[in-house]
Amino acid sequence: MGLQKGAILIKRIFKIFLVALGFHFIVSGLNYIYVNAEQPWYRIMWHHYYEDEGKIDCIILGSSHVYCDINPTLLNNINKNYWFNLASPSQRLVDSYYLLKEADHGNELSHVYLELYYDCSTKDNLKDNIDPIQDESICERSWQNIDFMKDSLNKVQYMLSIFRKENITELLFPFCRYRTKLGDWNYIKQTVEEKQKEDYQNYEYCYYFDNGNGHLEYREQGYFYSTREFWGNLFEQSRILEENPIGHISEQYLRKIISYCQKRSIPITLFVSPMNDLQLVSTENYDNFIQEVSDIAKEYSIDFYDFNLVREGYLPIYEKEYFYDMGHLNSAGATLFTSFFNKVVTGSAADNEKYFYSSYKEKMQETPAKIYGLYYKDTEVRTFHIASNREEELEYKVVITPANGEPYMIQDFSTNKVFSLPLDQHGVCAVSFREINERDGIIQICETVL
């Protein structure tokens, strides 16, 4: 009788196993034919991370500013540690926390470097005015990290941290994110063909830009190498940083990251990668972010370096040929920045003071007068702001040349820095500026393609 019950139990367990195995193959098949390869960064980064797991000494956490701006193989050669860019697109601090834990479980970490791109941690989203962790599109970024992490308790905790009952199916089953493609055979065909390519199967990536302006490719250790040069000077405003701009949940996870490292005696350094000044001026209060991060860093007695505050001559990358786009460096910029980054983070805070301005406002006042371009916000019209490094002292003249028309002036020399144009206005906007009352002394003419 006991043997019979045992046999029945074994059969039931075997049936459950077969059902689970079948379910696994069905889900894997649906993921294969529906989940596209438009976001290759996560899949490639995690594959190479697990290949390197066990030999990594230093990790750098953060957004795409990390994987574009810092070349870990160059750092390997400089200081003989093994570095890895454990970065992902728009990585929030909740993501950084669980990626840190993943790295710590698999390696003997000697240092953690956390990049703090303000757009990933501030709450003042102009469209939604919500804390970033609550935004569905941001949760999707976390989902894609989770998709490629190995199963572990840390992964489960990560999933629970971003759990929202209305999105549970998308979190657990990636193919559900593509339910609108159900029955779209052309889409399925393209997805399958893309996954059969050699680059996909070898976890490689290389993209050549249509205009012939360089390419972007994955190298190794989480680094994406680009030869593209950025020449634009028009930026859509995305943040206005009021006092204490870091979101509540973002601050909570920043403190958790620091505490995690300190409890395990892992040194941690906070930093911000260099960006184009046009983007920083568009925030209108960037020093509020610097101040809040600085206060937290002082509270925990750790170093914080904002490389947007570097004095002239120490890091000569603030020309556009060193940028891939408004916020990311290309390979030439990354080479210069990586070397200077290493020089700073391996030195003492006291010795490094000479490299940095104390605030972004000080930097703007101490550097020669300049226009960086235009930033704008769309309503019924497009409202433009002239981005210069002076609040006063300068006056501006604005001339519009329509795509198919004659030039016309919309503002003679004036201290006004704001003007509006129709949303469908195309052409070139030329802004001249000079010091107030210096009628013969135009300093610069900045042309922006609208």
Side-chain angles (χ1 to χ4, degrees), residues 118-119 122 124 126 232-245 272 274-294 306-316 318-320 326-327 355-379 381-400 407-421 428-450:
Y118 71 90
D119 200 49
T122 51
D124 298 306
L126 295 183
N233 54 6
L234 181 65
F235 184 73
E236 182 176 6
Q237 187 181 48
S238 61
R239 290 283 189 276
I240 294 177
L241 301 179
E242 304 300 340
E243 189 175 0
N244 298 320
V272 180
M275 289 168 270
N276 187 284
D277 283 303
L278 172 56
Q279 180 174 349
L280 293 176
V281 171
S282 79
T283 66
E284 299 186 0
N285 295 294
Y286 184 61
D287 278 330
N288 285 338
F289 178 73
I290 296 173
Q291 187 61 57
E292 189 170 11
V293 177
S294 296
D306 189 328
F307 289 92
N308 294 292
L309 305 185
V310 176
R311 293 179 179 274
E312 288 65 40
Y314 292 114
L315 183 60
Y318 294 99
E319 298 299 328
K320 293 178 181 178
M326 191 69 67
Y355 299 131
F356 296 89
Y357 290 105
S358 60
S359 68
Y360 193 67
K361 182 178 181 180
E362 182 188 10
K363 175 184 174 180
M364 293 293 96
Q365 288 297 322
E366 293 295 324
T367 51
K370 184 177 182 179
I371 292 179
Y372 303 111
L374 302 176
Y375 63 93
Y376 68 92
K377 182 181 178 183
D378 287 346
T379 52
V381 295
R382 179 163 289 178
T383 301
F384 292 91
H385 297 250
I386 299 169
S388 72
N389 58 356
R390 295 291 188 276
E391 289 299 320
E392 301 172 347
E393 306 168 22
L394 303 176
E395 53 185 7
Y396 311 87
K397 176 182 178 180
V398 182
V399 175
I400 303 297
Y408 65 94
M409 183 174 64
I410 64 171
Q411 174 180 303
D412 203 350
F413 281 106
S414 164
T415 56
N416 176 57
K417 298 172 70 173
V418 182
F419 60 93
S420 297
L421 293 172
V428 175
C429 175
V431 179
S432 309
F433 80 97
R434 66 189 184 190
E435 293 183 2
I436 293 176
N437 299 323
E438 292 291 333
R439 296 185 179 277
D440 299 323
I442 293 177
I443 300 175
Q444 177 189 359
I445 299 176
C446 177
E447 293 190 343
T448 301
V449 177
L450 303 175

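The shown structure was predicted, so the numbers you read here are calculated from the model rather than taken from an experiment.
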Nearest non-hydrogen partners of Val431 and Leu374, listed with the distance: CG2-CD2, 4.2 Å
Approximate separation, where rounding is to 0.5 Å, of Lys397 NZ and Gln411 CD: 11.0 Å
Closest heavy-atom pair and its distance - Gln365, Arg390: O-NH2, 3.5 Å
Tyr360 vs Leu309 side-chain heavy atoms within contact, under 4.5 Å: yes
Expected output: side-chain Gln444 to main-chain Ile371 donor-acceptor under 3.5 Å: yes
Arg239 side chain to Asp119 backbone, donor-acceptor under 3.5 Å: yes
Shortest non-hydrogen contact from Tyr375 toward Ala387: CD2-CB, 3.8 Å
Heavy-atom closest pair, residues Ser420 and Thr383: OG-OG1, 3.3 Å
Geometric class of the Phe384/Phe419 ring pair [parallel <30°, tilted 30-60°, perpendicular >60°]: parallel
Within 6.0 angstrom of Glu366 CD, more than 12 heavy atoms from elsewhere: yes
Glu391 side chain reached by Lys361 side chain, heavy atoms, under 4.5 Å: no
Steps toward salt bridge (charged side-chain N to carboxylate O under 4.0 Å, His left out) verdict (Arg311, Glu362): CA-CA 10 Å; Arg311 293 179 179 274; Glu362 182 188 10; 3.8 Å; yes
Reported CG-to-CG distance for the pair Asn288 and Leu241, which is rounded to 0.5 angstrom: 7.0 Å
Flag side-chain contact, heavy atom, 4.5 Å: Cys446 against Tyr372: no
Which atom of Asn285 lies closest to which atom of Glu242, heavy atoms considered: ND2-OE1, 4.3 Å
Inter-residue atom distance Glu447.CD - Ser432.OG, 0.5 Å rounding: 8.5 Å
Flag side-chain contact, heavy atom, 4.5 Å: Glu435 against Glu393: no
Criterion salt bridge (charged side-chain N to carboxylate O under 4.0 Å, His left out) on Asp277 and Lys370, from CA distance to verdict: CA-CA 10 Å; Asp277 283 303; Lys370 184 177 182 179; over 6 Å; no
Closest non-hydrogen atom pair, Val281 against Ser388: CG1-O, 4.1 Å
Heavy-atom side-chain proximity of Val310 to Phe356 below 4.5 angstrom: yes
Nearest-0.5 Å distance, NZ of residue Lys417 to CZ of residue Phe433: 10.0 Å
Sub-4.5 Å side-chain heavy-atom contact between Val272 and Val293: no
Full working for side-chain contact (heavy atoms from CB on, under 4.5 Å) between Tyr376 and Glu236: CA-CA 5 Å; Tyr376 68 92; Glu236 182 176 6; 3.6 Å; yes
Cys429 SG to Leu421 CG distance, which is reported to the nearest 0.5 Å: 7.0 Å
Sidechain-backbone polar pair: Asp287 side chain, Ser359 backbone, donor-acceptor under 3.5 Å: no
Interatomic spacing from CG in Asn308 to OH in Tyr357 - rounded to 0.5 Å: 13.0 Å
Tyr118 side chain to Gln279 side chain, donor-acceptor N/O pair below 3.5 angstrom: yes
